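Below is one structure; the comments refer to it alone.
Please read these numbers as outputs of a predicted model, since none were measured by experiment. Heavy atoms only: backbone and side chains are in, while hydrogens, waters and symmetry mates are out.
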Amino acid sequence: MNVKSVVENKEKYEVELTVEVGQAEFEAGLDQAYRKSRGSISVPGFRKGKAPRKVIEGMYGASVFYEDAIEAIYPQACQDAIKENNLDSVAPPQVEILDLGKEGFSFKATITVRPVITLKQYKGLEADKVLPTVTDEAVDAELQQYIDRATQLEAVERAAQMGDTAVIDYAGYKDGALFDGGSAQGYELLLGSHSFIPGFEEQVVGMSAGEEKDIDLTFPEEYHAEELAGKPVTFKVKCVEVKEKKLPEIDDEFAKDVSEFDTLAEFKEDLKQKVIERNMNNSEAKFRQSLLAILCDQVDIELPKAMVEAQTDRFLESYAARLEQQGITLEMYMQYMQMSIDQIRDDLRSSAVTQIKQQLALDAVVAAENIVISDEDVDEEVKKAAANLNVPYERVVEGLDRDGLKADLARDRAMALVATEAKPHMVEATVGDGDEIEVTEVTKDDAKGEPKAEEAPKAEGEAAEEKKPAKKTTRKKAAPKDAEAKEGEDAPKKTTRSRKPKAEKAEGEEAPKKTTRKKKTETEKPEE
């Protein structure tokens, strides 16, 4: 392999490489292509897969294995040329074959390289930073989680009330006939959970153990099962048992049962400190996000299209993988949301642009501060990851992109430096047990950077990590070679418009926005 010429287009952040592949390398590729394909080629007088290469070339032409040989050779030749010229490639190269013959071939590879920018300012940036003040209500809300887990259900000899759990047998009839999915035995229904269609739970209220009754209802017009949507039905219901919540006594014994503390006061103090720590971490994360946004505003270059599309591809692959983990294919998601692949890519593209700008801004700080990550730093990070994942170190190291990890760690250090050198504008946020946060300005005399003695928000992650572009290439003039969701029960569970297929966001990535959607929805199971 020989790089014949290098042409740089600085405005488009592209480098053109002309690469020559000699006869020896091409011959090795042809032999590899022959060995791979001979089993599928029939030649009269020879058993399948046993015909010599010369015979096959004589029948089908000397160029019969050229395309397969090129496909096998040029990706690695391209990567070697990129490495030889110390190019920071950020997208799959575009490849065009120039010359081809038995002596070898040459191709032109257009490489998109990472833009290099210089930030006007990255020290002394100003942004709001919250000093959260945690109320007693916030601590009580934290304690309530332990109370809920310790709460038990006990059978009672009385009529069911809202908040009770009614154990019921039911069977649904439409036009006098049982309909599919409309029956269950021993179902535990939390009254007031609104998990069944409107009117069902309200009519179970007042029933006692052993009592039976018919409940006449009409399914909602938007119900996912078309044969039931808007139709009148009758449910024959038997109340088997009524259970009420038995709350624990909230005292020192309770604290001993659910924690390592001997008294309730010690336990609540520990909960307060945990809330304070969580809120301070959240405050720091949001502060850094604000600073990162300010840095990104300085990245005013036109990003290379290939770089943006490559990042969009990675977001799409990640999004599809998370959907698969939930048992939903990307095709099912698109059908459900009535979205095309182009619409999803359009929604992800803005996130791709944001992440690229974040990376470029932090890379500029790394260069300005000459931040260097050593192999020892990488090993320490891998050991931490192995410990957190509870897997062997060797398993984490296997297939590790060390250069990519070094870039991520360098950006982390750059972000920490920007935060340390920044000038925070302190504001105070009071958080109770609800969602509303009251923010007030803190004077310089009051802004000590310490949490108040009563506190509460929730942490978000920082800027997204970058993955190295996949080592695939796209070659012109060569066509690519080719050698259902289970529906919920029908009844009497209510439909919900919030349970659409959803994948968790990657950091720096937004979920595709919905345009229009079908009226079909999934059913939501009652809480237990």
Side-chain angles (χ1 to χ4, degrees), residues 1-19 74-96 107-119 122 292 295-296 298-315 317-318 349 351-375 377-378 381 399-415 417 463-475 508:
M1 187 272 295
N2 176 44
V3 180
K4 188 176 180 181
S5 65
V6 178
V7 179
E8 186 173 358
N9 185 336
K10 293 185 177 180
E11 289 185 2
K12 291 187 176 181
Y13 306 102
E14 291 180 348
V15 176
E16 288 185 359
L17 303 176
T18 301
V19 182
Y74 86 83
Q76 187 58 52
C78 192
Q79 291 301 322
D80 290 343
I82 290 171
K83 187 174 182 180
E84 180 181 319
N85 287 272
N86 296 316
L87 301 178
D88 188 0
S89 175
V90 294
Q94 300 292 319
V95 175
E96 181 181 355
F107 64 88
K108 180 178 72 176
T110 303
I111 314 298
T112 303
V113 296
R114 185 182 305 279
V116 177
I117 65 167
T118 301
L119 296 177
Y122 62 89
L292 191 54
L295 287 177
C296 287
Q298 298 187 48
V299 184
D300 54 3
I301 63 172
E302 183 176 351
L303 297 175
K305 182 179 179 181
M307 186 181 189
V308 174
E309 293 307 308
Q311 186 62 44
T312 303
D313 287 342
R314 287 190 284 272
F315 277 176
E317 289 170 4
S318 174
R349 192 172 287 110
S351 298
V353 169
T354 297
Q355 188 183 78
I356 292 170
K357 286 187 175 182
Q358 290 173 346
Q359 292 169 355
L360 292 178
L362 292 174
D363 287 344
V365 178
V366 169
E369 293 292 328
N370 195 27
I371 295 173
V372 177
I373 302 298
S374 67
D375 290 335
D377 294 330
V378 172
E381 190 69 19
L400 177 68
D401 178 5
R402 297 184 73 88
D403 290 338
L405 181 54
K406 281 186 177 182
D408 291 336
L409 293 176
R411 290 176 185 134
D412 288 345
R413 288 191 185 179
M415 189 67 247
L417 182 146
E465 299 179 354
E466 176 203 32
K467 291 183 181 177
K468 281 285 185 183
K471 291 189 177 182
K472 63 180 178 180
T473 56
T474 303
R475 179 164 72 87

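Rounding to the nearest 0.5 Å places CG of Leu87 at 11.0 Å from OG1 of Thr112. For the atom pair NZ (Lys108) and SG (Cys78), the distance works out to 13.0 Å, reported to the nearest 0.5 Å. Here the NZ atom belonging to Lys406 is positioned 8.5 Å from the CG atom belonging to Asp377, to the nearest 0.5 angstrom. Atom CG of Leu119 is separated from atom CD of Gln298 by 5.0 Å, given to the nearest 0.5 angstrom. Here the straight-line distance linking atom CG of Leu405 with atom CD of Glu381 works out to 6.0 Å at 0.5 Å rounding. Distance check, rounded to the nearest 0.5 Å: CD1 of Ile111 to CD of Glu8 gives 12.0 Å.
Side-chain contact between Arg114 and Leu360 is present, with at least one heavy-atom pair separated by less than 4.5 Å. In this structure, Glu309 and Arg349 have side chains that are in contact, with non-hydrogen atoms separated by less than 4.5 Å. Residues Ile117 and Asp363 are not in side-chain contact: their nearest non-hydrogen atoms beyond the backbone lie 4.5 Å or more apart. Between Asn9 and Val7, the closest side-chain pair of non-hydrogen atoms is not below 4.5 Å. Inter-residue side-chain proximity for Asn85 and Val3 is flagged as met; some heavy-atom pair is nearer than 4.5 Å. Under the 4.5 Å side-chain criterion, counting only non-hydrogen atoms from C-beta, Pro304 is not in contact with Val90. No side-chain heavy atom of Pro115 sits less than 4.5 Å from a side-chain heavy atom of Ile356. Contact check for Val353 versus Lys357: side-chain heavy atoms found under the 4.5 Å cut-off.
Summarising the geometry of Ala352 relative to Phe315, their closest heavy-atom pair is N-CE1, 3.4 Å, with the distance given to 0.1 Å. Minimum interatomic distance between Ile373 and Ala410 (heavy atoms only, all atoms of both residues): CG1-N, 3.6 Å. Of all the heavy atoms in Ala91 and Ala306, the pair that sits closest is CB-O, 3.4 Å. Contact between Val366 and Arg411 at its shortest, heavy atoms only, is CG2-N, 4.1 Å. Taking all atoms of both residues into account, the shortest heavy-atom contact from Tyr13 to Glu302 is CE1-O, 3.8 Å. For the pair Ala368 and Tyr122, the tightest heavy-atom approach, listed with the atom from each and the gap, is CB-OH, 3.5 Å.
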Next on the checklist: Could you walk me through whether Asp88 and Val116 satisfy the side chain to side chain contact (heavy atoms under 4.5 Å, CB included) test, starting with their C-alpha distance in whole Å, then the side-chain angles of each, then the deciding distance to 0.1 Å, before giving a yes or no?
Outcome noted: CA-CA 10 Å; Asp88 188 0; Val116 177; over 6 Å; no
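Looking only at distances, no side-chain donor or acceptor of Ser318 sits under 3.5 Å from a matching main-chain atom of Arg314.
Taking the charged nitrogens against the carboxylate oxygens, Lys83 and Asp80 have no contact shorter than 4.0 Å, which rules out a salt bridge.
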